[in-house]
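Some notes on the structure that comes next.
Numbered from 1 within each chain, the chains take letters A, B, ... in sequence-line order. Every value quoted in this text rests on a predicted model; they were computed, and no experiment measured them.
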There are 2 protein chains.
Amino acid sequence: MKSTINDVAALAGVSIKTVSRVINNEPSVRPATRKKVMDAVEELHYQPNLAARNLAGTRSYTIALIYDNPNAYYVIDMQNGILEACKARGYELLIHPSNAKSDTVNDELRALVEHSKVAGVVLTPPFSETQSVIDEINKLGLDYVRIVSSGAAEGDEENCIQVDDTAAAFDITQHLIDHGHKRIGFLSGGEEHVSTHGRLDGYKQALQQAGINLAPELVIPGEYSFDSGVAGAKALLESDNPPTAIFASNDEMAAGALFAARLMHVEIPEQLSIVGFEDSPFSRQTWPKLTTAHQPNNEIAKCAAALVLNKARSKGAAESAAANKEAGITKKFVPELLVRDSTGDSPS
Amino acid sequence: MKSTINDVAALAGVSIKTVSRVINNEPSVRPATRKKVMDAVEELHYQPNLAARNLAGTRSYTIALIYDNPNAYYVIDMQNGILEACKARGYELLIHPSNAKSDTVNDELRALVEHSKVAGVVLTPPFSETQSVIDEINKLGLDYVRIVSSGAAEGDEENCIQVDDTAAAFDITQHLIDHGHKRIGFLSGGEEHVSTHGRLDGYKQALQQAGINLAPELVIPGEYSFDSGVAGAKALLESDNPPTAIFASNDEMAAGALFAARLMHVEIPEQLSIVGFEDSPFSRQTWPKLTTAHQPNNEIAKCAAALVLNKARSKGAAESAAANKEAGITKKFVPELLVRDSTGDSPS
DNA sequence: GAGCGAAATGACAACGCTGTCAAATTGGCG
DNA sequence: CGCCAATTTGACAGCGTTGTCATTTCGCTC
């Protein structure tokens, strides 16, 4: 039924080692031989057994996605993107949700390597921005790719897929300013995320460039959640001198802000403009639909996965190939402004 | 660094086979020996290597989750539940999104078995309700658990985790009836889902029991999506004799209905009541918050995973254990009515 | 067409575990 | 105290690959 490398070798009339060479794209196989083998592979629908490969080889065919993110859409997008890249190259993906608070990631990482012989990992915030995690990974000799907010790439650009939160936040804020808004509230994400600071920076830069003074009371701390968006927007709207627009650090918070506005009978966008960030599916399902910044998570994930996979692969093969193959992999993304219905001209 | 079964055997002063027996909980090991081995395992932090196990054994330590569902929350809940169960038993989970339309599942299933030696699968709708898929799985000799709408369990209750959509839909409809609603619109999910029919049945039964005639024009076909909810609700509201309440087959459709209502300046719940189904996180983030039926997906997934895992395990061990272990596994769930703010008394 | 270095191929061990089956140990009983 | 059956333990092969290293074949040169 299921064919092994032996079957292929027999059919092609070569040794199993030669088959191994062909399927691993190693050099030193004559074209004629290679063809014979490939034909046999084709005919038998041969697929190398992963367990055997992982066991025998020095390199492994499994990578892991490590995350701690309550946002289902984000996780799914990431996951699907990585899965695509894996499938294309015959790799397997281990999903590993963890807990940033509990501080057990490092142990889990070690277990992942020893227990399942993982070759590489894709790290998402906040792990991707935590030094101790990166140190551990280096100690373990794992290949990795960090999906980070630009600020966190430091001297490690090689291993990072960057999202330029600052530039995108600048654009968003500018959009608000263009509509005549001068008092713009800012709902912050969690302190531990570098993106929180990046987005705040973009907001500040846009204000400054427009000659608008930063009003510290308009910047509300929060944590990337719906409830936090509700609370933040409420605080803002109940203040003495409420803003005419609110920049929520992500779509969930924006949805929360929308909820708060509704609660307080504030019309959107007539009396208040609200923007989000990420372009989550539900930013299209709110009323009104949210103006936001499109963050292509699926694409980001695909690039991240392709990057780790190339690394893992280039270990054995020609190192030079690495740079070569990175062509087609985008390493820096700038979420693009997406104007929908939650923003309009300033009422004042 | 990483210890193998040999290290444990050496430290415990026994053969590797005995160690194997202990870690697999096989009988025929004297308590004293067992303890020696367990101490050694402890001391070395030994964890069996999964690739080796999968390669050597007849049984495997990997299961797969097969799904085709655009609802990120659903998938994540399922996934996390299964992951928990897997982790507890040292299993690995392969995530396998597929496409019900493309009809490639069967091939993919086969590849999963041959390529990765998967031992069992958890199937979610619509695959769990597709006979050809189930046939293929049986042919492959895979253990499986189907998460299905009650109607689809047929004579295969043993392998099913059932969700009683009919009972839950009945309760929801009853809730509406209790509030004086007599014209209740019904927004259907996709035809291919058995749950669609189950929910419709519950709706019909409640109407009948209350002596309300079914108005066929109030039942709108759709497909479990936001857009479909918008369209369905619009059609209903624009009709000559619009309903005073709408039962949307899931929360996404309900959110769509909310959107349509807003568009048409219909106040919820004053002029129209809307209910959803599933208790997705965003049913709490709409305005107003949705009345819905709480479907405990995470719990369902955990039970499903525990069930496949028990099956895979009991293969070698005492068969009798199976029934025993199933204690604690719920096999039938009835989503519970959750009254929030989108329903109220009938205006008429 | 003999000789040589390079390229292509193959034989075989090893990866870490489980399954099979044989060997050793145990305990009960006459 | 010895014998036998039952229980416990171990030796060894094998799972399907890859890595190492030896062997064969090839393409030239003179």
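Atoms CD1 and CG, from A:Ile82 and A:Leu65 in turn, are 4.5 Å apart once rounded to the nearest 0.5 Å.
Remark: B:Arg53 is not in phosphate contact with C:dG16, judged by side-chain N or O atoms under 4.0 Å from OP1 or OP2. Put simply, B:Thr18 has a side-chain N or O that comes within less than 4.0 Å of OP1 or OP2 on D:dG10. Applying the 4.0 Å criterion to OP1 and OP2 of C:dT9, one finds that A:Ser15 has every side-chain N and O outside that range. At C:dG16, none of the side-chain N or O atoms of B:Tyr61 fall inside 4.0 Å of OP1 or OP2 (strictly under the cut-off). Dashed line: the shortest gap from a side-chain N or O of A:Ser20 to OP1 or OP2 of D:dT18 is under 4.0 Å. Close to D:dC15, at under 4.0 Å from its OP1 or OP2, lies no side-chain N or O of A:Thr4. Contact annotation: B:Asn24 side-chain N/O to C:dT18 OP1/OP2 distance is under 4.0 Å.
Among the nucleotides C:dA8, C:dG10, C:dT18, the one closest to the side chain of A:Thr33 is C:dA8. Relative to the side chain of A:Asn49, the nucleotides D:dT8, D:dT17, C:dT20 differ in distance, and D:dT17 lies closest. Distance from the side chain of B:Lys17 is smallest to C:dT20 among D:dT18, C:dT20, C:dC17. Picking from D:dT9, C:dA14, C:dT9 the nucleotide with the shortest atom distance to the side chain of A:Val29 gives C:dT9. In this structure, of D:dT17, D:dA11, D:dG19, it is D:dT17 that holds the atom nearest to the side chain of A:Asn6. Distances from the side chain of B:Arg30 to the nucleotides D:dT8, D:dT17, C:dG16 place D:dT8 closest. In this structure, of D:dG19, D:dT8, C:dC15, it is D:dT8 that holds the atom nearest to the side chain of B:Ser28.
A:Arg21 contributes no side-chain N or O that forms a donor-acceptor pair with the base of D:dG19 under 3.5 Å.
Judged by closest nucleotide on DNA chain D, B:Pro27 is the one of B:Pro27 and B:Ala52 placed further toward the 5' end. Looking at which nucleotide of DNA chain D each of A:Val19 and B:Gly13 is closest to, the 5′-most match is held by B:Gly13.
The existence of a salt bridge linking A:Lys139 and A:Asp135 is excluded, since no basic side-chain nitrogen approaches an acidic carboxylate oxygen closer than 4.0 Å. Using a cut-off of 4.0 Å between Lys/Arg side-chain N and Asp/Glu carboxylate O, B:Glu136 and B:Arg110 are scored as salt-bridged.
Between the CD1 atom of A:Ile5 and the P atom of C:dC12 there is a distance of 16 Å, rounded to whole Å. One interatomic measurement links the two molecules: CG of A:Leu55 to P of D:dC15, which rounds to 13 Å at whole-angstrom precision. Atom CG in A:Asn54 sits about 12 Å away from atom C1' in C:dG16, given to the nearest Å. For the pair B:Asn25 CG and C:dT18 C1', the interatomic distance rounds to 15 Å; values are reported in whole Å. Rounded to whole angstrom, the span from the CD atom of A:Gln47 across to the P atom of D:dT17 amounts to 10 Å. The distance between atom CD of B:Glu26 and atom C1' of D:dG10, rounded to the nearest whole Å, is 14 Å.
Across all strands, A:Leu50 comes closer than 4.0 Å to no nucleic acid atom at all (heavy-atom distances).
Two rings, from A:Tyr67 and A:Tyr74, have their centers 6.0 Å or more apart.
Of the residues listed (B:Leu140, B:Asp107, B:Ile66, B:Thr62), the one engaging B:Leu112 in a side chain to side chain contact (heavy atoms under 4.5 Å, CB included) is B:Ile66, and it is the only one.
Applying the 6.0 Å contact sphere to CD of A:Gln131 captures more than 12 heavy atoms from other residues, nucleotides or ligands.
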